[in-house]
A.B. asks: 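Got a structure here, written out as structure tokens. Questions coming.
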Amino acid sequence: MRVSKITMYLFIRIHFLLLLIHTLAAGVAGRTERKNVLFIMADDLRTSLGCYGDTLVKSPNIDQLASKSHVFLNAYAQQAVCAPSRISMLTSRRPDTTRLYDFNSYWRVHSGNYTTLPQYFKSKGYFTMSVGKVFHPGIASNHTDDYPYSWSIPAYHPASYRFEKEKMCRGEDGKLHVNLLCAVNVTEQPGGTLPDLESTDEAMRLLKSRVNSHDPFFLAVGFHKPHIPFRIPQEYLSLYPLDKMTLAPDPDVPKLLPPVAYNPWMDVRKREDVQKLNISFPYGPIPKDFQLRIRQHYYAAVSYVDSQVGRLLSALDELQLTNSTVVVFTSDHGWSLGEHGEWAKYSNFDVATRVPLIFFVPDVTTNHNQWKTSTFPFIDVFIQSDHSFSNDKVVRNMVELVDVFPTVSHLAGLSAPRYCPDVSFQKKLCTEGQDRASTFTSREGRKDEERIAFSQYPRPADTPQVNSDLPDLKDITVMGYSLRTWDYRYTLWLGFNPKTFQVNVSDVHGGELYILEDDPSQDNNIYNSIFTDSDHTVVMRKMASLPPTVRLQMRMKLQLCYLTAGMKTSGGKA
């Protein structure tokens, strides 16, 4: 009997130890299943990429990434300017929640201590790192790039970036100027380098430092180009001879565009080479020969960024990290290249709000067994400028940059934050976007007419002013809210109180409605032609009668449904 008790005791102990070992092993396995994240962001990059259908651009490395990735063809920023867009994407909260519409406040103090994407990964045991322009520098990220909240180590900024706003561009007179067009001989630059070259070098060094680490990493790399000035290696201009460049197909300001909607592109006007052109404010066009040169330099800057992306991805391969790393590639917003008579960003048009959004997920978006040598071999754009993009893993339905946080969390092996309540400034972790990971497991079946992308832009007045592009919060009197659906781009410019952050849905300063099937470039605003005074009265009354908990996005969606239904029943164009 005594032997039996000892045997039973040993059996229980052994069973307990086995359970403990199994539990620990499961925990380790759970950790190893978590994927690293390489988060790459360009600055002011519109969808001028081969994988998005641009036949002029030479972007072979990004196209190669897209060929092995899940590509969202209709992704939109929440506000087409750097700081508000980046904060919105990285917190997964819209600008009306972060209350950041300019560059002059830190959201944790100004509106709420919201969790950021890298902060969430850091809280889950990730080693988080920032290189280049990820958060917008300055007070918008507390002069620290939100360190130590978001990053395990201080953010890295390339030393050569401090020269970006100095006289670095050699003009026709042989002197240095603060120009828009700024192709340079890199060997003549301070340190013999440029910011994005330095950022790529540092990102590669950090990747190498994580090879033998047991903790997963989240590395964000923010390239500064194609943001102006176009201070880029001069050899990239040779990829785009001026005689091969074309003007925007719609270079004129739409006749029925409400003045409040126009972006007078002041940051472009302030450059010395543009000032010499003596362009009248606000609608005077840039001379056509100079337009061609701007477009040439923008495209050259895109190819320059493409080369840096190629270097970074090939390093991921060489370090054997590709199979364990989710790669995200995107931009903070787009950039107008003469469309609608506008340049730069600062509007609600597609050219300013639409961005590339590409997700590479090992063993999900591609089978690594078929890439036995290298997944991302570097492609020298000067030798092989084109990469044939072929991929059936594309999504055409609307998505937004607020969707990035929950989606990349899910794909990396973490739980996606839950959706925020309809009216919420709560500080607990939640998202105002949607987890789009489910789209990775099957082909997109059909267009979803219910899906919308929601963007906005502030203005200081009803007509273009010198501060229309970047009004300070105190000067904002009108907010342009815009819905993008499969069929329409619908925008209302509404009265806004910067002290209370309240929008007056009955105070309409202008409207825009574009039917995309007939007018994909959004040049023919039919808002006033189909929206009668009686329609306006009915719709405003319907909007005012909705409960205060109904979000503005839903109010405008219902309004759009009413308008377009009326058009269809009355034999209109829709």
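In what follows, residues are counted from 1 in the order of the sequence shown. Heavy-atom basis, side chains included; hydrogens, waters and symmetry copies ignored. Note that this is a predicted model, so its numbers are computed, not measured.
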A.B. asks: Answer yes or no: is there a side-chain heavy-atom contact under 4.5 Å between H227 and C82?
C.D. replies: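 A side-chain contact exists here, since the closest heavy-atom pair is under 4.5 Å.
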A.B. asks: With no hydrogens and no angle check, just 3.5 Å: does a side-chain donor-acceptor pair link S88 and Q79?
C.D. replies: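 No, no side-chain donor-acceptor contact under 3.5 Å.
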A.B. asks: Just to verify, what does S150 make a side chain to side chain contact (heavy atoms under 4.5 Å, CB included) with, not counting sequence neighbours?
C.D. replies: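 Result, side chain to side chain contact (heavy atoms under 4.5 Å, CB included) vs S150: R108, T116, P118, Q119, F135, D146.
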A.B. asks: Any side-chain heavy atom of D350 within less than 4.5 Å of one from Y76?
C.D. replies: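 The answer is yes; the side chains approach within 4.5 Å.
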A.B. asks: Do T353 and H333 touch side chain to side chain, with heavy atoms closer than 4.5 Å?
C.D. replies: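 No, too far: nothing below the 4.5 Å cut-off.
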A.B. asks: Strictly by modelled atom types, are S303 and Y240 linked by a side-chain donor-acceptor pair under 3.5 Å?
C.D. replies: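 Note: S303 and Y240 side chains meet the donor-acceptor criterion.
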A.B. asks: Within the 3.5 Å criterion, strictly below it, is a donor on Y490 or T564 matched to an acceptor on the partner's side chain?
C.D. replies: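 There is no such pair (donor and acceptor under 3.5 Å, judged by atom type) between the side chains of Y490 and T564.
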A.B. asks: So, the side chain of N263 versus the backbone of S347: is there a donor-acceptor pair under 3.5 Å, distance only?
C.D. replies: no
A.B. asks: With a 6.0 Å cut-off on the ring centroids, do F496 and Y101 count as close?
C.D. replies: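 Between Y101 and F496, which both carry aromatic rings, the centre distance is below 6.0 Å.
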A.B. asks: Do D472 and N104 pair up side chain to side chain, a donor and an acceptor below 3.5 Å, judged on atom types alone?
C.D. replies: yes
A.B. asks: Counting C-beta onward and ignoring hydrogens, is there a side-chain heavy-atom pair between F223 and L45 closer than 4.5 Å?
C.D. replies: no
A.B. asks: Classify the ring geometry between W265 and W343 as parallel (under 30°), tilted (30 to 60°) or perpendicular (over 60°).
C.D. replies: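 Ring orientation, 0 to 90° scale: perpendicular.
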A.B. asks: Taking atom types as modelled and ignoring hydrogens, do the side chains of S331 and R46 form a donor-acceptor contact shorter than 3.5 angstrom?
C.D. replies: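 On atom types as modelled, these side chains do not qualify, holding no pair under 3.5 Å.
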A.B. asks: Q296 side chain to M245 main-chain N or O, any donor-acceptor pair under 3.5 Å?
C.D. replies: no
A.B. asks: Between D102 and K474 (salt bridge meaning N to carboxylate O under 4.0 Å), is one present in this structure?
C.D. replies: no
A.B. asks: Give me each pair satisfying salt bridge (Lys or Arg N to Asp or Glu O under 4.0 Å) with a member in residues 295-308, each pair once, sequence neighbours excluded.
C.D. replies: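 Applying salt bridge (Lys or Arg N to Asp or Glu O under 4.0 Å) to every pair that reaches into residues 295-308, excluding sequence neighbours, yields nothing.
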A.B. asks: Take atom CZ in R451; do more than 12 heavy atoms of anything else shown fall under 6.0 Å from it?
C.D. replies: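 Atom CZ in R451 is crowded, with more than 12 foreign heavy atoms closer than 6.0 Å.
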A.B. asks: When you check the side-chain N and O atoms of H157 and D145, is any donor under 3.5 Å from an acceptor?
C.D. replies: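 The answer is yes; a qualifying pair exists.
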A.B. asks: Closest heavy-atom contact between T97 and E432?
C.D. replies: OG1-OE2, 2.7 Å
A.B. asks: In terms of side-chain heavy atoms, does N397 have a donor or acceptor partner in W486 at a distance below 3.5 Å?
C.D. replies: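 Side-chain D/A pair, N397 to W486: present.
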A.B. asks: Taking C-beta and beyond as the side chain, do R269 and I279 meet within less than 4.5 Å on heavy atoms?
C.D. replies: yes
A.B. asks: Distance-only, no hydrogens or angles: does the R293 side chain make a donor-acceptor pair with backbone N or O of D289 under 3.5 Å?
C.D. replies: no
A.B. asks: Please test E164 against K225 for salt bridge (Lys or Arg N to Asp or Glu O under 4.0 Å), starting from the C-alpha separation and ending with a verdict.
C.D. replies: CA-CA 11 Å; E164 282 288 285; K225 297 305 165 198; 2.7 Å; yes
A.B. asks: Angle class for the Y457/Y346 ring planes (parallel below 30°, perpendicular above 60°, tilted otherwise)?
C.D. replies: perpendicular
A.B. asks: Got a donor-acceptor contact below 3.5 angstrom from the Q291 side chain to the I286 backbone?
C.D. replies: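 Confirmed, Q291 side chain pairs with I286 backbone.
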A.B. asks: Compare every heavy atom of P258 with every heavy atom of G510, then report the nearest pair and how far apart it is.
C.D. replies: CA-CB, 4.3 Å
A.B. asks: Taking the cut-offs as 6.0 angstrom to the six-membered ring centre and 45 degrees off its axis, would you call R99 and F501 a cation-pi pair?
C.D. replies: yes
A.B. asks: A side-chain contact here means heavy atoms from C-beta on lying under 4.5 Å apart; do M398 and I452 qualify?
C.D. replies: no
A.B. asks: How about S59 and D63: does a side-chain donor come under 3.5 Å of a side-chain acceptor?
C.D. replies: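 Side chains of S59 and D63: pair found under 3.5 Å.
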A.B. asks: I'd like to check H70 versus V395 (side-chain heavy atoms, cut-off strictly below 4.5 Å). Are they in contact?
C.D. replies: yes
A.B. asks: Measure the shortest side-chain to side-chain distance between I294 and L180 over non-hydrogen atoms and say whether it is less than 4.5 angstrom.
C.D. replies: yes
A.B. asks: Sequence neighbours left out, what passes salt bridge (charged side-chain N to carboxylate O under 4.0 Å, His left out) with D43? Give chain and number order.
C.D. replies: R86, K133
A.B. asks: Does E166, at its CD atom, have more than 12 non-hydrogen atoms belonging to other residues, nucleotides or ligands within less than 6.0 Å?
C.D. replies: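 Yes.
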A.B. asks: Please, which pairs that meet salt bridge (Lys or Arg N to Asp or Glu O under 4.0 Å) have at least one residue in residues 454-465, sequence neighbours excluded?
C.D. replies: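 Counting only pairs at least two positions apart or across chains, no salt bridge (Lys or Arg N to Asp or Glu O under 4.0 Å) contact touches residues 454-465.
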A.B. asks: For the pair E339 (side chain) and A248 (backbone), establish whether a donor and an acceptor sit closer than 3.5 Å, ignoring hydrogens and angles.
C.D. replies: no
A.B. asks: Between the main-chain N or O of V355 and the side-chain N or O of T47, is there a donor-acceptor pair closer than 3.5 Å?
C.D. replies: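 Looks like no, no N/O pair under 3.5 Å.
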A.B. asks: May I ask you to decide if G341's main-chain N or O and Y262's side chain share a donor-acceptor pair within less than 3.5 Å?
C.D. replies: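 Answer holds: yes.
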A.B. asks: Can you list the residues that meet the side chain to side chain contact (heavy atoms under 4.5 Å, CB included) rule with V184, with sequence neighbours excluded?
C.D. replies: C182, Q189, L194, R231
A.B. asks: Who passes side chain to side chain contact (heavy atoms under 4.5 Å, CB included) against S130, sequence neighbours left out?
C.D. replies: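 Scan of S130 (side chain to side chain contact (heavy atoms under 4.5 Å, CB included), adjacent residues dropped) gives V134, W151, A155.
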A.B. asks: List the atom of P498, the atom of L473, and the distance in Å for their closest heavy-atom pair.
C.D. replies: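 Shortest heavy-atom contact: CB-O, 3.0 Å.
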